[in-house]
Amino acid sequence: MTNISNSEFIFEALQKEFPGAHCELEFQTPFELLIATMLSAQCTDERVNQVTAVLFSEANTPEGIIALGLKELENKIHSLGLYHNKAKNILAASQILSDEYGGKVPEDIELLRRLPGVGRKTANVVVSNAFGIPALAVDTHVFRVAHRLGLAAGNTPEKVEQELMEAFPRERWSTLHHLLIFLGRRICAARKPNCAECPVAAVCKMFQEDIAEP
DNA sequence: CTCCCGATAT
DNA sequence: ATATCAGGAG
């Protein structure tokens, strides 16, 4: 048994178990991914995909979103929750992209984060999945799973992102992000983690603590 | 820290 | 009934 680190074991095991882990938001263009990600706050990507399937068929460019207008946009995304803020931000971001970026999504995390409603996580998702730039977005799943496994201890997504970036080589950041999300959804659920079927329970901090103290 | 917020699973 | 869902802004 070679003496490899827990982080390396976790990456290898998850990649072997979940080779198909990928971005589950459906998109055809960087702009579509940006909008889908902005819509994904506090709701499942499955429901985002249902809404964007209809939305993008009518408007999938900044100019198209602007043409819809606020009320129409709110109506179309209402079922996703937080719809007022989301619609306002998407409209304002579309206006900026149209006015200042020629309608194209910038391939830069800092530029993306200047858009209203776009924070660290959304910017990371866009550059990673649309432009192939290594990034490690920390969403609710990554945050929870990283803590449970013992990969990170920071109390903010930003701290966890930093810890994970230091623990894993750059070329693994994007893949690790998808692997941890996949594990979080299918196995390491927030309410009822299915440790019996977890491929990395053997090195999981939470699992070890749970079986140590019944 | 609170607020935004509907849909779904538990 | 309540926690949770690919968060961000004030």
Side-chain angles (χ1 to χ4, degrees), chain A residues 14 18 20-27 30-56 70-71 73-97 105 109-131 133-148 151-152 154-162 164 173-195 206:
Chain A
L14 292 180
F18 309 128
H22 64 286
C23 179
E24 297 189 34
L25 291 171
E26 293 168 1
F27 66 99
F31 182 73
E32 286 191 1
L33 177 60
L34 173 64
I35 301 308
T37 310
M38 292 175 77
L39 289 172
S40 70
Q42 299 295 295
C43 80
T44 63
D45 55 344
E46 188 176 349
R47 278 171 43 234
V48 172
N49 289 336
Q50 293 176 11
V51 164
T52 55
V54 178
L55 175 64
F56 293 159
L70 183 60
K71 287 301 176 188
L73 185 56
E74 283 187 354
N75 288 336
K76 292 191 180 308
I77 70 171
H78 176 272
S79 67
L80 300 179
L82 310 179
Y83 62 91
H84 191 63
N85 284 337
K86 288 176 181 177
K88 184 158 55 74
N89 288 332
I90 287 170
L91 192 56
S94 296
Q95 193 65 246
I96 293 172
L97 290 177
V105 177
I109 290 178
E110 294 312 316
L111 291 180
L112 282 166
R113 289 193 58 190
R114 292 186 199 169
L115 298 171
V118 179
R120 185 172 209 88
K121 176 251 168 183
T122 299
N124 277 328
V125 167
V126 170
V127 299
S128 170
N129 293 299
F131 303 126
I133 298 171
L136 227 168
V138 175
D139 58 33
T140 182
H141 297 297
V142 174
F143 189 85
R144 178 183 69 252
V145 173
H147 273 89
R148 285 179 174 176
L151 289 174
N155 61 352
T156 68
E158 186 171 354
K159 288 178 183 174
V160 171
E161 179 181 339
Q162 198 59 44
L164 292 176
W173 291 351
S174 294
T175 303
L176 177 72
H177 162 75
H178 289 124
L179 290 172
L180 293 182
I181 288 180
F182 199 92
L183 180 67
R185 285 189 176 134
R186 307 300 203 281
I187 306 285
C188 196
R191 288 207 191 180
K192 200 184 70 173
N194 186 1
C195 302
M206 185 185 75

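All values derive from a computational prediction rather than experimental measurement. Side-chain atoms are counted along with the backbone in the values below, which use heavy atoms only and exclude waters and symmetry mates.
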Quiz item: Just checking A:T37: base, sugar-phosphate only, or nothing, at a heavy-atom cut-off of under 4.0 Å?
Solution: nothing
Practice problem: Describe the nucleic acid contact of A:E46 in one word from base, sugar-phosphate, nothing, applying a heavy-atom distance below 4.0 Å. | Solution: nothing
Quiz item: Tell me: CG of A:N89 to P of B:dC4, nearest whole Å?
Solution: 15 Å
Quiz prompt | Pairwise P distance for C:dA6 and B:dT2, with rounding to whole Å | solution = 23 Å
Exercise. Write down the distance between OH (A:Y83) and C1' (B:dC5), rounded to a whole number of angstrom.
Key: 8 Å
Quiz item: Side chains of A:L180 and A:L14: closer than 4.5 Å at any heavy-atom pair?
Solution: yes
Practice problem: Compare the minimum distances between each of C:dA6, B:dC5, C:dC5 and the side chain of A:H84, then state the nucleotide with the smallest one. | Solution: B:dC5
Quiz prompt | Along DNA chain B (nearest heavy atom to each residue), the more 5'-positioned of A:Q50 and A:L82 | solution = A:L82
Quiz prompt | Euclidean distance, atom CG of residue A:L39 to atom C1' of B:dC4 [Å, nearest integer] | solution = 14 Å
Practice problem: Nearest whole angstrom, please: distance from the P of B:dA9 to the CG of A:N194. | Solution: 17 Å
Quiz item: Side chains of A:C23 and A:D45: closer than 4.5 Å at any heavy-atom pair?
Solution: no
Practice problem: Kindly say whether, by distance alone, the side chain of A:R191 makes a donor-acceptor pair under 3.5 Å with the base of C:dT4? | Solution: no
Quiz item: Using a cut-off of 4.0 Å on non-hydrogen atoms, how would the nucleic acid contact of A:V142 be classed: base, sugar-phosphate, or nothing?
Solution: nothing
Quiz item: Are any of the side-chain heavy atoms of A:V48 and A:T37 separated by less than 4.5 Å?
Solution: no
Self-check item: Nucleotide of B:dC5, C:dA6, C:dT4 approaching A:A190 most closely (side-chain heavy atoms)
Solution: C:dT4
Quiz item: Starting at the 5' end of DNA chain C, which residue's closest nucleotide do you reach first, A:G117 or A:H22?
Solution: A:H22
Quiz prompt | A:M38 CE - C:dG8 P separation (whole Å) | solution = 9 Å
Exercise. To the nearest Å, give me how far apart NZ (A:K86) and C1' (B:dA7) are.
Key: 11 Å
Quiz item: Are A:T140 and C:dC5 close enough that a side-chain N or O sits under 4.0 Å from OP1 or OP2?
Solution: yes
Exercise. Taking atom P in both B:dC3 and C:dA3, compute the distance separating them and give it to the nearest angstrom.
Key: 16 Å
Practice problem: Tell me which of A:L115 and A:E24 sits closer to the 5' end of DNA chain C, going by the nucleotide each one is nearest to. | Solution: A:E24
Quiz item: Given C:dG8, is OP1 or OP2 found less than 4.0 Å from the side-chain N or O atoms of A:T122?
Solution: yes
Quiz item: What does A:G119 touch in the nucleic acid at a heavy-atom separation under 4.0 angstrom: a base, only the sugar-phosphate, or nothing?
Solution: sugar-phosphate
Quiz item: What does A:H78 touch in the nucleic acid at a heavy-atom separation under 4.0 angstrom: a base, only the sugar-phosphate, or nothing?
Solution: sugar-phosphate
Exercise. Please state how far atom CG in A:L112 lies from atom C1' in C:dG8, giving the value in whole angstrom units.
Key: 15 Å
Quiz item: Does a side chain donor of either A:S174 or A:S128 reach within less than 3.5 Å of an acceptor in the other side chain?
Solution: yes
Quiz item: Base, sugar-phosphate alone, or nothing: which one does A:R144 contact when heavy atoms must sit under 4.0 Å apart?
Solution: sugar-phosphate
Quiz item: Do A:F56 and A:I35 come within less than 4.5 Å of each other through their side chains, counting heavy atoms only?
Solution: yes
Practice problem: Send over the distance from A:L80 CG to C:dT4 P, rounded to a whole Å. | Solution: 20 Å
Exercise. Let me know which of A:H178, A:H177, A:H22 forms a side-chain hydrogen bond (donor to acceptor under 3.5 Å, both in side chains) with A:N129.
Key: A:H178
